[in-house]
Chemist: 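Have a look at this one before I ask anything.
So that the names make sense, note that chain A is the first sequence line, chain B the second, and so on, each numbered from 1.
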2 protein chains.
Amino acid sequence: MTTRVPQERKRRRPTRSGVVLSEQLIVETALRLIGEHGPEALSVRRLGAALGCDPTALYRYFHGTDDLVLAIADRIIGDAMAGFVPGDDWVAALREIALRVRAGYLAHPRAAAMAAHRVTRRHNEIRAVDTGIGLLLTAGFAPADAARLYLAFIDTVLSHAATEAAFRALPRHQREADHRAWRDVYQDLDPETYPSLTAVRPELPGMADSSFEQAVDLLLEALTARAPAGRHSHR
Amino acid sequence: MTTRVPQERKRRRPTRSGVVLSEQLIVETALRLIGEHGPEALSVRRLGAALGCDPTALYRYFHGTDDLVLAIADRIIGDAMAGFVPGDDWVAALREIALRVRAGYLAHPRAAAMAAHRVTRRHNEIRAVDTGIGLLLTAGFAPADAARLYLAFIDTVLSHAATEAAFRALPRHQREADHRAWRDVYQDLDPETYPSLTAVRPELPGMADSSFEQAVDLLLEALTARAPAGRHSHR
DNA sequence: GCCTTACGTCAACAGGGTTGACCCAATGTG
DNA sequence: CACATTGGGTCAACCCTGTTGACGTAAGGC
């Protein structure tokens with residue numbers, strides 16, 4: 001069909017099971033579905049079943065799966081950044097942005113895994129970019145540097161968060177197999193073939209943990225070092 | 001079936017169309033398929049057709065799609081790292097690893113998008129990890145730090161590369177729509193609502209470019225700053 | 001109370017991964 | 001050289017997926 005999806009709906013017709021559909025309700029149900037029944041639960045058919053309507057009714061609200069995904073992504077960003085106000089410390093503010101984005105993604109891994117590599121240049125994201133660049137400007141960076149460096153920072157944060165989300169969106173047995181790999185496969189290695197891995201063997205199980213905060217800290221250290229003198233962070 | 005996949009095969013029986021299957025041939029055909037007929041071309045059925053065999057014959061070589069994906073990922077890593085020998089400069093070596101990994105992913109965007117967040121547990125991956133950790137050890141880092149910092153470094157590189165690959169793997173119209181949205185959205189911004197973006201407006205067109213190298217440089221700067229004294233990079 | 005049309009429903013299609021049964025032929029042995 | 005073994009290619013089938021076009025019903029404007 002790919003019918004034009006109107007912005008305002010007046011003829012709200014209850015579904016066979018009595019529910020009245022809406023874009024909001026659909027997005028919220030999709031997120032709830034993922035949260036309750038695991039990452040694989042999101043499909044047009046399951047979503048229809050959860051809503052108590054025919055799966056194809058969703059096509060009256062979204063042009064297709066892609067459209068639905070973008071709507072979900074916008075909702076996630078909005079929820080993650082809700083109530084954020086940057087303080088005086090620009091480094092701390094950037095770190096909080098990073099942690100909020102990550103938390104938002106991990107709250108809905110499957111949706112994030114689908115949407116993270118999309119460029120949803122919508123209101124919430126634009127506002128976040130404006131805020132982030134503003135932080136680097138107040139740190140004393142020249143406009144050109146502020147733009148470039150913020151891009152590097154936020155791209156790293158988004159990429160990391162997307163990777164973590166994608167990992168959590170894997171079916172459980174795959175996730176556990178990957179996790180076990182660092183304990184099992186990497187433990188019994190030939191010392192001569194892999195000398196460096198052998199040297200750090202006790203640390204290998206930790207390789208399964210997230211490196212998100214470590215990477216963010218490294219980036220913020222580099223940014224602090226590059227910041228013009230006299231405009232340092234408050235600590 | 002999920003039969004045990006043996007490592008050594010002796011009874012090579014030609015397929016109906018005369019081709020003799022092998023793990024190598026399957027992986028190479030999968031990569032060729034993706035390269036020629038676009039990102040969506042990779043499916044068990046299409047792969048079987050391209051090989052001139054029944055699709056289910058692949059299950060004699062791989063336990064399932066997941067197993068095949070891991071094999072493809074390891075192949076990409078192997079190709080990317082082929083012929084790499086680290087020089088004296090550990091910073092330069094890490095940068096080259098980053099650029100090689102990225103180039104390998106971008107050469108097969110769709111495959112990379114599927115495999116980037118997985119742990120392949122295979123030879124090429126293990127060797128790359130050993131090499132990277134070895135570089136940090138020669139830089140003078142303690143084993144625990146070397147492992148943790150290498151993880152942060154390589155995760156960032158992999159995440160960035162995966163994001164770029166995923167974007168290139170999108171259907172053309174989605175990719176172009178995202179690009180257009182970026183241009184259009186930032187053209188008519190209200191200066192009062194988005195003051196910082198307005199301040200850096202001349203720099204915004206450059207925001208569409210990749211921030212990969214910028215992010216890698218920042219990370220390497222931070223690592224250099226943290227490196228034990230007397231073991232600096234050669235420049 | 002009628003007419004229009006929005007929108008929920010239904011049936012169907014094309015494509016996906018995965019399976020168990022079948023059976024031929026390549027191999028190692030005598 | 002002949003035979004038993006079994007690896008592995010083939011086939012049919014199952015259930016999942018997103019998406020479509022036709023259909024009809026009930027809601028709203030008049």
Chemist: Atom CG of A:Leu58 to atom P of C:dT9: distance rounded to whole Å?
Modeler: 10 Å

Chemist: Answer yes when B:Asp67 and B:Arg122 have at least one side-chain N-carboxylate O distance shorter than 4.0 Å, and no when they do not.
Modeler: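 Salt bridge present between B:Asp67 and B:Arg122.
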
Chemist: Heavy-atom count around B:Glu36 CD within 6.0 Å, excluding the residue itself: above 12?
Modeler: yes

Chemist: Would you state whether a donor and an acceptor, one from the side chain of A:Ser43 and one from the base of D:dC16, lie under 3.5 Å apart?
Modeler: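 For A:Ser43, whose side chain was compared with the base of D:dC16, there is no donor-acceptor pair (under 3.5 Å).
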
Chemist: Answer with yes or no whether the side chains of A:Ser159 and B:Thr163 bring together a donor and an acceptor at under 3.5 Å.
Modeler: yes

Chemist: Starting at the 5' end of DNA chain C, which residue's closest nucleotide do you reach first, B:Pro14 or B:Pro55?
Modeler: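 It is B:Pro55 whose nearest nucleotide is closer to the 5' end.
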
Chemist: Name the closest nucleotide to the B:Arg46 side chain, picking from C:dT18, D:dT19, C:dG15.
Modeler: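 The closest nucleotide is C:dG15.
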
Chemist: Taking CG from A:Asp66 and P from D:dT19, how many angstroms apart are they, rounded to a whole number?
Modeler: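 Atom-to-atom, A:Asp66 to D:dT19, this comes out as 9 Å.
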
Chemist: Return the value, rounded to whole Å, for the distance between atom CG of B:Leu68 and atom C1' of C:dG16.
Modeler: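 My rounded result for the distance is 14 Å.
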
Chemist: Round to the nearest Å and state the distance from A:Leu47 atom CG to D:dC16 atom C1'.
Modeler: 16 Å

Chemist: To the nearest Å, give me how far apart CG (B:Leu42) and C1' (C:dG15) are.
Modeler: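 After rounding, the reported distance stands at 14 Å.
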
Chemist: So does A:Thr65 get a side-chain nitrogen or oxygen closer than 4.0 Å to the phosphate oxygens (OP1/OP2) of D:dT19?
Modeler: yes

Chemist: Please report, rounded to the nearest Å, how far the P atom of C:dA11 is from the CG atom of A:Asp54.
Modeler: 10 Å

Chemist: Nearest of D:dT19, C:dT9, D:dT10 to any side-chain atom of A:Thr15?
Modeler: C:dT9

Chemist: Is the shortest side-chain N to carboxylate O distance from A:Arg100 to A:Glu96 below 4.0 Å?
Modeler: yes

Chemist: May I have the distance from A:Arg60 (atom CZ) to C:dC10 (atom P), rounded to whole angstrom?
Modeler: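 These atoms are roughly 14 Å apart.
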
Chemist: Using 4.0 Å as the upper bound for N to carboxylate O, is an ion pair formed by B:Arg148 and A:Asp209?
Modeler: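 Salt bridge: no.
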
Chemist: Quickly work out the A:His63 NE2 to D:dT20 P distance and round it to whole Å.
Modeler: 11 Å

Chemist: Which residues in residues 25-33 of chain A have a heavy atom closer than 4.0 Å to any atom of DNA chain C?
Modeler: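 Per residue number, the list is empty: none.
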
Chemist: What about B:Arg45, does its side chain sit under 3.5 Å from the base of C:dG15 through a donor-acceptor pair?
Modeler: no

Chemist: Among D:dT20, C:dG8, C:dT19, find the nucleotide with the atom closest to the side chain of B:Tyr59.
Modeler: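 Shortest atom-to-atom distance from the side chain points to C:dT19.
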
Chemist: Has the side chain of B:Arg16 got a donor or acceptor that lies under 3.5 Å from a partner of the other kind on the base of D:dG9?
Modeler: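 Between D:dG9 and B:Arg16, which were checked side chain against base, a qualifying N/O pair under 3.5 Å is absent.
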
Chemist: Roughly how far, to the nearest 0.5 Å, is CD of A:Glu203 from CD1 of B:Ile133?
Modeler: 9.5 Å

Chemist: Do other residues, nucleotides or ligands put more than 12 heavy atoms under 6.0 Å from B:Arg127 CZ?
Modeler: no

